[in-house]
Amino acid sequence: MIENLLESMHHDDFEALADDIKNSLEAHRKWMQRITTALVTRQPMDENQFIAPDAHLYCHFGRWLTKTFEDELFQQSSFLKIEQYHKQLHDSARTVIAQLNLKREINIKDFELFMRTQKEFFDMVMMLFEFSVLNKQQFDPTTRLMNRRAVDSVLANEYSRMQRAEDYYCCIAMADIDHFKDVNDAWGHDVGDLLLGHTAELFNNAIRRHDTVSRYGGEEFLFIFPDMDLEQAGIVVDRIRKQLTDASISHQGNLHRVTASFGVTQLCRFCDIKGSIKRADIAMYVAKEKGRNNTVTIDSRAIVGQTSYDHLNNDITEVMRQHCRQVKPNSD
């Protein structure tokens, strides 16, 4: 399925895919125009992209598709089906062109097959193009991570899984870069963007393939950890915090270091998603209050034990704060 690409492709790959498809479609439009003109004017055609048995490999789209298949990522049913339609289009075109070159009357059924195959091919490619353009809009250009709108869909999916399986767990974490406003004020927004990109890359490299990290807004990031309990998530997140602390980035001879404060909690099946995010957000601000560059957890089960589920989404900030626990840094 085309949708599976979303989990596998980087933002840059989506941009390249959209541009390549657009350019290749334009080349194929010109290819179709040349055939139509030749049929109307009864002018023979002798180029390989029109008459060769493997004509589909000679045109711009065919060359791009061959190169694309060198990457295993694209060796899946969606692209294989496009390749099949593309070959059929060239085969049907070659049949009609052969009649033209022999100065025969064009067989109407052969011509109708050519036009029908052309429509099927273009419809399939346009679906892929629309998908790639759509997903370009789901990534934040500064960090190249999912944006808030896209990650909300991931959260909804995880929440749905929790409702269907009582033994399924998922944790989330909010992270906020420490003193980020001071960085922008002192060094400018270009350096701020550089540090955002640096932080995002480190976060993305530190998580598992099926985990998610997104830019949630400003200097805030949201992590999603499927199949992970709170204790495990706290350890993992604090390890990421330490990696960020130990890393640095150079800009115009100046060495910049970044720290962040993290709040971790479970995605709770007994409240809505906003309630769980609020809980992670409160834990993150407690981490700030404890001196920043800390990881703090809130166990949703402890909150549920002291208040009704309906009350969980209301103003119980102080109750939540009482259940914040700082993750002790690992000695390694």
Side-chain angles (χ1 to χ4, degrees), residues 1-139 144:
M1 296 292 291
I2 290 177
E3 288 78 1
N4 292 338
L5 287 173
L6 179 59
E7 298 180 357
S8 307
M9 292 184 68
H10 191 274
H11 172 62
D12 288 347
D13 295 323
F14 276 119
E15 289 201 352
L17 177 63
D19 290 341
D20 285 343
I21 293 175
K22 181 179 178 180
N23 293 334
S24 296
L25 274 180
E26 174 60 19
H28 236 285
R29 185 191 67 79
K30 294 178 179 178
W31 176 86
M32 286 290 299
Q33 188 176 37
R34 287 189 60 189
I35 293 177
T36 303
T37 301
L39 291 175
V40 171
T41 60
R42 303 296 296 176
Q43 294 295 318
M45 309 186 77
D46 59 3
E47 296 175 45
N48 280 332
Q49 62 175 314
F50 299 106
I51 64 172
D54 55 352
H56 63 289
L57 299 178
Y58 286 90
C59 73
H60 180 94
F61 189 90
R63 294 195 301 272
W64 169 74
L65 202 57
T66 299
K67 183 178 180 181
T68 298
F69 280 138
E70 294 175 359
D71 187 338
E72 292 184 0
L73 176 64
F74 296 96
Q75 295 176 12
Q76 54 177 291
S77 60
S78 301
F79 280 89
L80 294 174
K81 187 175 293 186
I82 288 176
E83 182 189 37
Q84 179 183 356
Y85 278 125
H86 183 237
K87 184 177 184 303
Q88 289 174 354
L89 175 59
H90 276 270
D91 288 345
S92 61
R94 189 170 61 252
T95 299
V96 174
I97 292 170
Q99 296 168 13
L100 171 68
N101 289 347
L102 292 172
K103 298 182 179 180
R104 294 177 182 173
E105 183 177 348
I106 305 301
N107 184 287
I108 186 62
K109 290 185 177 180
D110 290 336
F111 181 75
E112 288 176 348
L113 175 62
F114 169 56
M115 297 303 295
R116 185 168 62 250
T117 306
Q118 180 260 152
K119 182 180 184 306
E120 291 172 348
F121 167 72
F122 271 74
D123 286 348
M124 186 70 183
V125 175
M126 282 305 300
M127 181 172 65
L128 181 61
F129 177 71
E130 290 167 0
F131 175 79
S132 62
V133 170
L134 172 65
N135 281 284
K136 281 172 62 177
Q137 299 172 5
Q138 295 190 19
F139 290 88
R144 298 180 177 179

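Keep in mind that this is a model prediction, so the values were computed, not measured.
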Please set out all donor-acceptor pairs under 3.5 angstrom arising from side-chain atoms of residues 103-116, sequence neighbours excluded.
residue, atom, partner, partner atom, Å
Asn107, OD1, Lys109, N, 2.9
Asn107, OD1, Asp110, N, 3.1
Asp110, OD2, Gln99, NE2, 2.6

Next on the checklist: Lys30: which residues meet the side chain to side chain donor-acceptor pair (under 3.5 Å) condition with it, sequence neighbours left out?
Outcome noted: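 Result, side chain to side chain donor-acceptor pair (under 3.5 Å) vs Lys30: none returned.
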Next on the checklist: Test of understanding: with ring-ring contact (aromatic ring centres under 6.0 Å, His included), list the residues that count as partners of His86, not counting sequence neighbours.
Outcome noted: His28, Phe61, His90, Phe121
Checklist entry - How many angstroms lie between atom CD1 of Ile97 and atom CG of Leu39, to the nearest 0.5 angstrom? => result 7.0 Å
Item to check | For Arg34, side chain to side chain contact (heavy atoms under 4.5 Å, CB included) partners two or more places apart | outcome: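 In terms of side chain to side chain contact (heavy atoms under 4.5 Å, CB included), with neighbours along the sequence ignored, Arg34 is linked to Met45, Glu47, Gln49, Phe50.
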Next on the checklist: Just so I know, are the side chains of Arg63 and His60 near enough to count as touching, which here means a heavy-atom distance under 4.5 Å?
Outcome noted: yes
Item to check | Inter-residue atom distance Gln43.CD - Asn101.CG, 0.5 Å rounding | outcome: 10.5 Å
Item to check | Euclidean distance, Gln118 CD relative to Leu89 CG, rounded to 0.5 Å | outcome: 6.5 Å
Let me have the donor-acceptor pairs involving side chains of residues 52-59, under 3.5 Å, with sequence neighbours excluded, atom names and distances please.
none

